[in-house]
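Every number for a ligand or one of its atoms is a count from 1 in the order of the listing. Numbering of residues begins at 1 and proceeds along the displayed sequence.
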Amino acid sequence: MTTKFLGATLALLAVFPAFAADVQGDPLAPTSRWSAYSSGRAQTSPMGWSSWNAFATDIDEDKILGSAQALVDSGLARKGYRYVNIDDGWWLQRRASDGELVIRAERFPSTVRTGGLPSFRPFTDRLHAMGLKAGIYSDLGRNTCSQAYSPDDSDLPKGSVEEREVGLYGHIDRDISLFFSAWGFDFIKIDGCGLRAYAAGSEKVMSGAYRELKPLLDMDSVARSDIAGVQSLFRQIDAALIRNNPDGDFVLSLCIWGAGNVRAWGKDFGNISRTSDDINPTWGRLLTNFDSAAKRALYAHPGSWNDPDMLFIGKGDFDADHLTEARSHLSMWAMINAPLMIGMDLRNATPALLEVFGNEEVIALNQDPAGHQAVVAFDSGEVQIFVKTLSTGEKAVALFNRSAAPMAVDLTAAHLKFRDDLDVGLVDVWNGRKQSFRKQVRLHLEAHQTLVFKARGARVLAEGLYLSEQPGNVNPAVDGVRWPAPDPTIHRSAFGWQGTRGSGERPIYAGWGGAQPDSAPFGEALRISGKKFETGIGVLANSRLEVRNQGYRQFTAIVGVNDSARDERHAVTFTVYGDGKVLATSRALKWGEEGQRISVDVSGVKIVELVARAPIDDPASLPVTWAEAALLSGSAPAQVSQH
Ligand code: GLA
């Protein structure tokens, strides 16, 4: 759905609200299906190793296979690190006669074949024989990121302008078939520099070295990005992947760095999707990359994960002399279900670093089959508390000291949604130490330290799960964001691509105002008519949430306009659908009116849809609240009553 189209539909709704559900193409009409990406194999977030952070384009077979061997020898492969991914730098050229891609065979001797072009098949065979999976890299455009940004051209494709066009643009079917059917890869990362860096006026194009490709992506402006154009390329790639992988065993990794509002729609187009520009081995940059994904819990699910970029453990602020920071890096990536892609030359990893990567308790949090990204329970610039619901019914909690000073942090039973009149048991996943508390406990964090516990307690909601405890089952299919605006809460580090040249990184990652667990869309508290709610889903009006119901029998919520709304004039109607059928509709509720309780039987329903509808064009001024929204195991008579 393009924003233009959505706008037209909503304008129509404003005129004919009564016929809304019948309007063809109405984005708020129930679909009774789960629309987030479900092709490929990423039921849990992929884990492995990638060449980029360690070697940039200076790659060769020994380096890559050396790290692959280290994955096996160290036991990390057995613990889940299975993908070995070649990043940028593997191409020699695209052959002029027939458009076939040519590998830099002098760097990858096993690819040499007599009487044919080099092939990666022996290389992927080798990785597969080691019990590993193989990943390859390409670009949406004609040219690549290294061609746009490398300081010199020694590792770049060679030949004429056309021969150096090694990206997918115009070659999707041919290249995907080569990578997957002929060469046997299992994973592809698709970068977007070819759609960003080759404008007519760019230096590279002006010099005659590269052909112009009118940019479809603009890092600094969603309005200047052609979102539909980019999505259409990803759709073609997806179709080619499905054709060339009859067993469905592939991973599609989108890498457009949070541009073009992809933080809102990446979940519908690929298995993992980059939420920010590149990480580097500094603490400040880690904060930026982490923040770009950390408050997008509802936009990540089994099969479609947020990707704040690869791990930089082993280098700079996360090297063997900074194990506190290295552990924090792994801990927080694990908590938010980020892909765990090691980015260091594992041939040189110290035992202490291998131990960090290999912490099975931390890996298990990341790979928990329920697939719920951690949700913010306490937020500040210095310290955050994140809580993740596990498939066992336990919780994981991380206390993250972002600051360079020691901190005392109070963890409460309420943060965990556990009862505070009974004991809560904690096991530290880094050292196995146990403790318990009632109501609250004071914990001490070193600078940059993260404490991670598995927590066991009596749940406040004994007979079910709040929706905010199961973000992996909630998909904001339409989140009401009409004019994607940059998220101002993402840390702006001094050490992005530009360093301190220029004026610094401006807020560029759209997604501000998206659906949130336990918070209103712009970060305010969940409040209806002066009454505060500790839990619920905050979202803008004119939104549709898809909820996977895993066997629960009842859905309940208290619905209303959030107190943070600026629109006091328009009323919102809340409708709950079960597999496409209306189960309940609220009264039309305006700002200041008390919340209305909805409670419906959802026995046997697979997809519950929560629609909040208002006759307005731009819902940014009308945040609504599904307070205490929960799925419960007991059944209850259907009722819609005043709360
Ligand atoms: C982009 C990506 C990086 C890496 C480089 C390769 O910057 O974001 O992860 O793949 O390209 O050139």
Side-chain angles (χ1 to χ4, degrees), residues 46 48-59 63-64 83-91 104 107 135-157 164-169 179 185 187-198 202 204 210 215-220 230 234 251-260 262-263 266 270-282 285-286 288-290 292-293 305-313 315 333 338-344 493 495-499 505 508-509:
W49 179 91
S50 162
S51 57
W52 181 253
N53 287 352
F55 303 116
T57 48
D58 187 15
I59 46 175
K63 289 174 177 168
I64 296 173
Y83 288 91
V84 172
N85 296 345
I86 306 178
D87 206 280
D88 205 344
W90 62 266
W91 297 276
R104 291 169 79 194
R107 294 295 185 106
I136 188 81
Y137 171 89
S138 193
D139 197 285
L140 288 170
R142 293 194 190 104
N143 295 102
T144 66
C145 290
S146 54
Q147 287 175 315
Y149 302 115
S150 272
D152 69 78
D153 62 5
S154 44
D155 291 323
L156 301 184
R164 284 182 285 108
E165 292 180 346
V166 293
L168 287 170
Y169 201 81
F179 300 154
F185 282 100
F187 179 115
I188 186 163
K189 170 174 167 184
I190 302 193
D191 230 318
C193 295
L195 298 184
R196 157 187 179 189
Y198 298 91
S202 68
K204 302 261 170 187
Y210 296 100
L216 300 186
L217 285 168
D218 184 327
M219 269 312 265
D220 301 323
V230 178
F234 281 134
V251 173
L252 171 55
S253 157
L254 314 187
C255 183
I256 60 166
W257 340 275
V262 71
R263 297 198 313 146
N271 296 117
I272 61 179
S273 177
R274 279 276 298 276
T275 48
S276 69
D277 208 336
D278 295 5
I279 192 168
N280 65 32
T282 64
R285 194 64 204 173
L286 169 129
T288 303
N289 282 53
F290 175 70
S292 71
W305 309 102
N306 290 316
D307 177 5
D309 206 358
M310 300 165 283
L311 301 168
F312 237 129
I313 293 169
K315 198 143 182 210
W333 261 234
L340 300 181
M341 292 292 171
I342 297 171
M344 77 170 293
S493 80
F495 302 106
W497 272 128
Q498 295 272 332
E505 196 166 276
I508 50 174
Y509 303 118

Part of T57 within contact of ligand 1 (heavy atoms, under 4.0 Å): neither

Inter-residue atom distance D309.CG - D277.CG, 0.5 Å rounding: 8.5 Å

Atom indices of ligand 1 within 4.0 angstrom of S146 heavy atoms, with elements: 12 (O)

Residue C255 vicinity, atoms of ligand 1 by number, heavy atom under 4.0 Å: 2 (C), 8 (O)

Ligand 1 contacted by Y149 (non-hydrogen, < 4.0 Å): no

Within reach of ligand 1, part of W257 (heavy-atom separation under 4.0 Å): side chain

For atom 7 (O) of ligand 1, the protein heavy atom that lies nearest, with its residue and separation: D278 OD2, 2.8 Å

Salt bridge R196-D218, side-chain N to carboxylate O under 4.0 Å: no

Polar side chain donor-acceptor pair, D88 to S146, under 3.5 angstrom: yes

W333 side, atom CH2; F290 side, atom CZ - distance, nearest 0.5 Å: 7.5 Å

Side chain to side chain contact (heavy atoms under 4.5 Å, CB included), paired with R142, selected from Y169, Y198, Y210: Y169

Donor-acceptor pair between N85 and Y137 side chains, under 3.5 angstrom: no

Atom 11 (O) of ligand 1: the protein heavy-atom neighbour that sits closest, reported with distance to 0.1 Å: D191 OD2, 2.9 Å

Ring geometry between Y83 and F187 (parallel below 30°, tilted from 30 to 60°, perpendicular above 60°): tilted

Partner set under side chain to side chain contact (heavy atoms under 4.5 Å, CB included) for K315, not counting sequence neighbours: P281, F312

Distance from atom 9 (O) of ligand 1 to nearest protein heavy atom, with residue and atom: K189 NZ, 2.8 Å

Residue portion contacting ligand 1 (non-hydrogen atoms closer than 4.0 Å) for A56: neither

Taking atom 12 (O) of ligand 1 as the reference point, the nearest protein heavy atom with its distance: D88 OD2, 2.7 Å

Which of the ligand 1 atoms, numbered from 1, are nearer than 4.0 Å to a heavy atom of D87: 4 (C), 6 (C), 10 (O)

Sub-4.0 Å atoms of ligand 1 with respect to non-hydrogen atoms of R274: 8 (O), 9 (O)

